[in-house]
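Predicted model, so just to flag it, every value in this text is computed and none were measured.
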Amino acid sequence: MEKFNLMPYFLGTVVVKQDGNPYFFNIVLTQEAIKAVGVINEITRVFLEENVPVLFFKASVPPTETSGEIRIIVSADLKDSKQAEKIVSKLRRSKFVTKVDFAPPLFKGVGVDNWSYPIMIWNDQAIIFRTFIIGRFLRWGWEKIGAGFGGILYRAFLRPAARPTTGFILGWPGAGRSL
């Protein structure tokens, strides 16, 4: 059996750079960009030409059967809004870019991704809790409700997930197997 080498994946919407100016850019791409070679290189080259460090980079690509924009989110440490406008102007020259916006830092050293909400997994909105919150929720449920809390969790979460999960693993038609 194949061994997985799992590593943490950090969802980011905030960049903190002490004594920096983390600007965020929302770069919307054409549908053709997904199959084109060198698009990411073209985008990062703009930041290289401006001699600014890229602090954060992520792509949001909707599944094939879903409508939605292909977006690249970049945070970079810039001097000022004038430099951000220059980067926007350069990015707009790409034949694969349909729209570019930027967000200045909230305050010195802190920038925020203003566009990436809600978090989606396939076509569903995902709700993500910190481990601490889930731990408190589970402890509260068992203390206040007792053994019946396990039944509530099973009916609300595990049971509805069982059929599509099993179907995906076994390859049942229509069970969401569209990787």
Exercise. In terms of side-chain heavy atoms, does Tyr23 have a donor or acceptor partner in Ser81 at a distance below 3.5 Å?
Worked result: yes
Exercise. With a 4.5 Å limit on heavy-atom distance, are the side chains of Arg71 and Asn26 in contact?
Worked result: yes
Problem set entry | Parallel, tilted or perpendicular: rings of Phe149 and Phe137 (30°, 60°) | perpendicular
Exercise. Using links of under 4.5 Å between side-chain heavy atoms of ILVMFWY residues, direct or through other members, which residues join Val14 in one cluster?
Worked result: Val16, Leu106, Phe107, Val110, Val112
Show me the donor-acceptor pairs within less than 3.5 Å that the side chains of residues 37-59 make with the rest of the protein, sequence neighbours left out.
| unit_1 | atom_1 | unit_2 | atom_2 | d |
| --- | --- | --- | --- | --- |
| Glu42 | OE2 | Ser94 | OG | 2.5 |
| Thr44 | OG1 | Ile40 | O | 3.1 |
| Thr44 | OG1 | Asn41 | O | 3.2 |
| Glu50 | OE1 | Gln83 | NE2 | 3.3 |
| Glu50 | OE2 | Lys86 | NZ | 3.4 |
| Glu50 | OE2 | Lys90 | NZ | 3.1 |
| Lys58 | NZ | Gly12 | O | 3.2 |
| Lys58 | NZ | Asp113 | OD2 | 3.3 |

For this session: May I have the step-by-step check of side-chain contact (heavy atoms from CB on, under 4.5 Å) for Val61 and Ile34, ending in yes or no?
Result: CA-CA 8 Å; Val61 181; Ile34 199 72; 3.5 Å; yes
Exercise. How close do Ser75 and Pro22 get, heavy atom to heavy atom, and via which atoms?
Worked result: OG-CB, 3.7 Å
Exercise. Does one hydrophobic cluster hold both Tyr117 and Val15, with members joined at side-chain heavy-atom distances below 4.5 Å?
Worked result: no
Exercise. Which value, rounded to the nearest 0.5 Å, describes the distance between Thr30 atom OG1 and Phe96 atom CZ?
Worked result: 6.0 Å
Problem set entry | Any Ile73 side-chain heavy atom under 4.5 Å of Phe24 side chain | yes
Exercise. Got more than 12 heavy atoms from elsewhere within 6.0 Å of CH2, Trp142?
Worked result: yes
Exercise. Does some side-chain heavy atom of Ile87 sit less than 4.5 Å from a side-chain heavy atom of Phe102?
Worked result: no
For this session: Under the side-chain contact (heavy atoms from CB on, under 4.5 Å) rule, what do Ile70 and Val28 come out as? Steps first, then yes or no, please.
Result: CA-CA 6 Å; Ile70 298 168; Val28 180; over 6 Å; no
For this session: Would you indicate whether the side-chain heavy atoms of Ile72 and Phe25 approach each other to under 4.5 Å?
Result: no
Problem set entry | Nearest-0.5 Å distance that lies between atom CD in Gln18 and atom NZ in Lys108 | 10.5 Å
